[in-house]
Amino acid sequence: MNLFTHYREAITGLIDELIKAGDLPAGLDASRITVEPPRDPSHGDITTNAAMVLSKPAQKNPREIAALLAAKAEKLDGVQAVEIAGPGFLNMRLSDDFWHARLRDVLDAGVAYGDSALGAAAKVNVEYVSANPTGPMHVGHARGAVFGDVLAALLEKAGFDVTREYYINDAGAQVKVLARSVHLRYLEALGQDITIPEGLYPGDYLVDVGKALAKSEGDKWKDAPESDWIDLFKDFTIAAMMELVKADLLALGVKHDVFSSERDLVENGKVDEALDFLKDNGLLYQGVLEPPKGKLPDDWEAREQLLFKATAFGDDVDRPVQKSDGTWTYFAADMAYHLDKYRRGFAEMIDVWGADHGGYVKRMQSAIKALTDNKGTLDVKLCQMVSLLDNGVPVKMSKRSGTFVTLRDVVDKVGKDVVRFIMLTRKNDAGLEFDFAKVTEQSRDNPVFYVQYAHARVNSVMRMAVEELSADVVNDDAIHGASLERLDDAAELSLIKLLAQWPRMVESAATAHEPHRVAFYLGDLAAEFHALWNKGKDNKGLRFIIADDVDLTLARLAMIRAVANVIASGLQVFGVTPVKEMR
RNA sequence: GGCCCCGUAGCUCAGUAGGAUAGAGCAUCAGAUUUCUAAUCUGGCGGUCGCAUGUUCGAAUCAUGCCGGGGUCACCA
């Protein structure tokens, strides 16, 4: 249960009562009313702006409305005190019993705590990675991969029906170049000396593909014209590259439900279908684009081409859908792809792209508007660059010099959990530094460690408690039946309140499509837990284990177990394994 | 030149569908350890939220215009 949603409903209920009683006029718009935690804890546990928002439409002084609400709010379950503050805030303090009940919720739910029905099982499609199948994944791909994977998990936790999708760009000129590169490797495998010309893919990872083809095909394509072997080589190589990509993603713990092929779309006539739809609606025309303002590309020439009327849907210019050789542009196929997603039932689509594709967002969104009659929505999440450092020194990356850092290198070096967590410690549209030295160091500076350590520390205390008090006294049943009302210290209640925020965090992060908020929340939670742990040094009475008060000890163990539950719940969304020990 | 993103403490960044006195970490200064793992914690210092108008009861948050940084700009994907 998201307690803020709960009390928002209660407050709007009170407003209805006031309307019925004639104290407020009917027909008030409640949509702008918020119920949230106040910034300053001295203002209570929850606050609402209801009185201020209703002031104007109700033509009443906000403090007057607040007074009407306060009189009723005092009687709500769990509410201990109500006060009116500032311009008309209604601040409420909830009873200790209420918070103890929330702690009970955490213990009952375990890692499932925070699961929400917010999404109401609505279908959402999250497309991420979608890297060209032309080689192994590099670190730049990792961020989008983790972001998409975790956003999908977050949406699932918030109650959406999520499909994780990968779009294979296997129809363009690039895969042709790839197939030619492999043909050279094939000749090499047959014993020829080769040089790889500029423009083809020089990577070693194609050597084995060439060998495999030499083995299965023999030398029959040695002297054959390209048109005879190109399709075969394409198919074989794409399949091999996708195996490579999937293996890399698996190492990172990233999975997809659906792989869609651009080539399939083209071959199945989906592109024609989508374009026919646009044509029937008068949204395609032959035209000549204005040259871009400012510096012109060197090879610019005015050319008549088939254009989609993107400007009618919010884009800046109309967009070409057909190349001069008659084949479809990438954009045309991508339109067909998104229409296909829409027709498969995904009115809500999310795409995760690199920030260098930012210029493409408007045209895709305008296409979706045109193709779905404004019924489909696309949110594009752009992920900024990751800069790799080692102890502050940039790690040089260049495909040519061979110091190219692959995704696999990074995962092998620091582990998938570290890569995943760090990728989420920044907003997606902010740059991110990934420092090999920092992300593996065991200190406060390293958020992965810090959060993991809090989880490990809970388990450590648990082990210690069993050792000191015996397993007969400290066990699951005993902890579950603990007298939670014994938790009455301000610091303990404060920690419980933070735990109770988790369902709200899940919902807001999911709604905003911002998984990084979870990382910050987990950091805050870990900090508060570590702080409480340390309080036990200054004040022995605040230690978790109090040998001569088993009842209190069990209550505190229940509390810290709840901390571990919520951390584990968050890490589960991240696809990071919580550790129980960090020696 | 157009479009998109960013601009918050010395540094790295949060800031919850506009909310009350803008927060963390690092750095720096002063402290805490015969430990339930100090791999941690407590306190001090530190800000014209790039600038200016506007909308609003209320703006770091929304709108418009500037300034600065990055990305991108017809038949690549």
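We name chains A, B, ... by the order of the sequence lines, and we start the count at 1 in each one.
- With salt bridges taken as basic N to acidic carboxylate O contacts below 4.0 Å, none links A:Asp429 and A:Lys381.
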**Request:** Decide yes or no on side-chain contact (heavy atoms from CB on, under 4.5 Å) for A:Phe434 and A:Val414, but give the supporting numbers first.
**Result:** CA-CA 11 Å; A:Phe434 189 97; A:Val414 305; 4.0 Å; yes

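- Counting any heavy atom pair closer than 4.0 Å across all strands shown, A:Thr48 reaches no nucleic acid atom.
- At the phosphate of B:rC26, neither OP1 nor OP2 sits under 4.0 Å from any side-chain N or O atom of A:Lys438.
- Between A:Tyr167 and A:Tyr337, the distance from one ring center to the other falls under 6.0 angstrom.
- Look at the P atom in both B:rG10 and B:rC6: the space between them is 22 Å, to the nearest Å.
- In this structure a side-chain-to-backbone donor-acceptor pair under 3.5 Å is present from A:Asn446 to A:Val439.
- No contact: A:Ala465 has no heavy atom under 4.0 Å from any strand.
- Scanning atom types as modelled, no donor and acceptor separated by under 3.5 angstrom connect the side chain of A:Asp445 and the base of B:rA27.
- A stem is defined here as three or more consecutive Watson-Crick or G-U pairs, each with both distances under 3.5 Å; for RNA chain B these stems are B:1-7 with B:67-73, B:10-13 with B:23-26, B:28-32 with B:40-44, B:50-54 with B:62-66.
- Between B:rG46 and B:rC36, the two C1' atoms lie 36 Å apart (nearest whole Å).
- At the heavy-atom level, A:Asp316 lies under 4.0 Å from the strands shown only through sugar-phosphate atoms.
- With hydrogens and angles left out, the side-chain atoms of A:Ser324 and A:Gln305 include no donor and acceptor closer than 3.5 Å.
- A:Gln305 comes within 4.0 angstrom of a base, heavy atoms only.
- Phosphate contact (OP1/OP2 of B:rU37, side-chain N/O of A:Ser460, threshold under 4.0 Å): present.
- Within the cation-pi definition used here (under 6.0 Å to the ring centroid, within 45° of the axis), A:Arg319 does not qualify as a partner of A:Phe308.
- Taking a centre distance below 5.5 Å and an interplanar angle below 30 degrees as the stacking criterion, A:Phe89 stacks against the six-membered base ring of B:rA20.
- Across the C1' atoms, B:rU61 and B:rC3 are found 23 Å apart, a figure rounded to whole Å.
- Ring-plane geometry between A:His530 and A:Tyr450 is classed as tilted, the angle between the planes lying from 30 to 60 degrees on a 0 to 90 degree scale.
- Between the CZ atom of A:Arg457 and the P atom of B:rU40 there is a distance of 8 Å, rounded to whole Å.
- Taking 3.5 Å as the limit, the base of B:rA14 and the side chain of A:His516 contain no donor-acceptor pair of atoms between them.
- Residue contacts for A:Gly536: at a heavy-atom cut-off of 4.0 Å it reaches a base atom on one of the strands shown.
- A:Met464 comes within 4.0 angstrom of sugar-phosphate atoms only, judged by non-hydrogen atoms across all strands, and of no base.
- Taking 4.0 angstrom as the limit, A:Lys427 places none of its side-chain polar atoms (N or O) nearer than this to OP1 or OP2 of B:rC13.
- The residue A:Ser324 sits close to a base: some heavy atom pair falls under 4.0 Å.
- Rounded to the nearest 0.5 Å, atoms CE (A:Met92) and CD1 (A:Ile46) are 4.0 Å apart.
- Closest approach to the A:Arg426 side chain among B:rC75, B:rC13, B:rU40 is made by B:rC13 (side chain taken as heavy atoms from C-beta onward).
- Distance noted for atom C1' between B:rC49 and B:rG68: 16 Å (whole Å).
- OP1 or OP2 of B:rC41 has at least one side-chain nitrogen or oxygen of A:Tyr450 nearer than 4.0 Å.
- Nucleic acid contact class of A:Arg504 (heavy atoms, under 4.0 Å, all strands): base.
- B:rC36 has A:Trp533 stacked on its base ring, the centres lying under 5.5 angstrom apart and the planes within 30 degrees of parallel.
- Within 4.0 Å (heavy atoms only), A:Arg32 reaches at least one base atom of the nucleic acid.
- Taking the C1' atom of each, B:rA60 and B:rU21 are spaced 15 Å apart, rounded to whole Å.
- Straight-line distance between the P atoms of B:rA24 and B:rC45: roughly 12 Å, to the nearest whole Å.
- On the C1' atoms, B:rG70 is 24 Å away from B:rA74, given to the nearest whole Å.
- If you check every strand for non-hydrogen atoms under 4.0 Å, A:Arg303 touches a base.
- Between B:rC11 and B:rA27, the two C1' atoms lie 7 Å apart (nearest whole Å).
- Not a single donor-acceptor contact under 3.5 angstrom links the side-chain atoms of A:Arg39 to the base of B:rA20.
- Note on A:Phe520: only backbone sugar-phosphate atoms sit closer than 4.0 angstrom, heavy atoms only; bases stay farther off.
- Contact check, A:Lys323 against B:rA77: a side-chain N or O comes under 4.0 Å of OP1 or OP2.
- On a pure distance criterion of 3.5 Å, no polar donor-acceptor pair joins the side chain of A:Arg543 and the base of B:rC36.
- Under the 3.5 Å distance criterion, with hydrogens and angles disregarded, no donor-acceptor pair is assigned to the side chains of A:His513 and A:Asn428.
- The residue A:Glu301 sits close to a base: some heavy atom pair falls under 4.0 Å.
- Side-chain nitrogen and oxygen atoms of A:Lys362 include at least one within less than 4.0 Å of the OP1 or OP2 phosphate oxygen of B:rC4.
- Under the side chain to side chain contact (heavy atoms under 4.5 Å, CB included) test applied with A:Val35, the options A:Asn2, A:Thr5, A:Thr48, A:Thr12 reduce to a single match, A:Thr48.
- Contact annotation: side chain of A:Thr47 to base of B:rA20, donor-acceptor pair present below 3.5 Å.
- In this structure, A:Met582 reaches the bases: a heavy-atom distance under 4.0 Å links it to at least one base atom across the strands shown.
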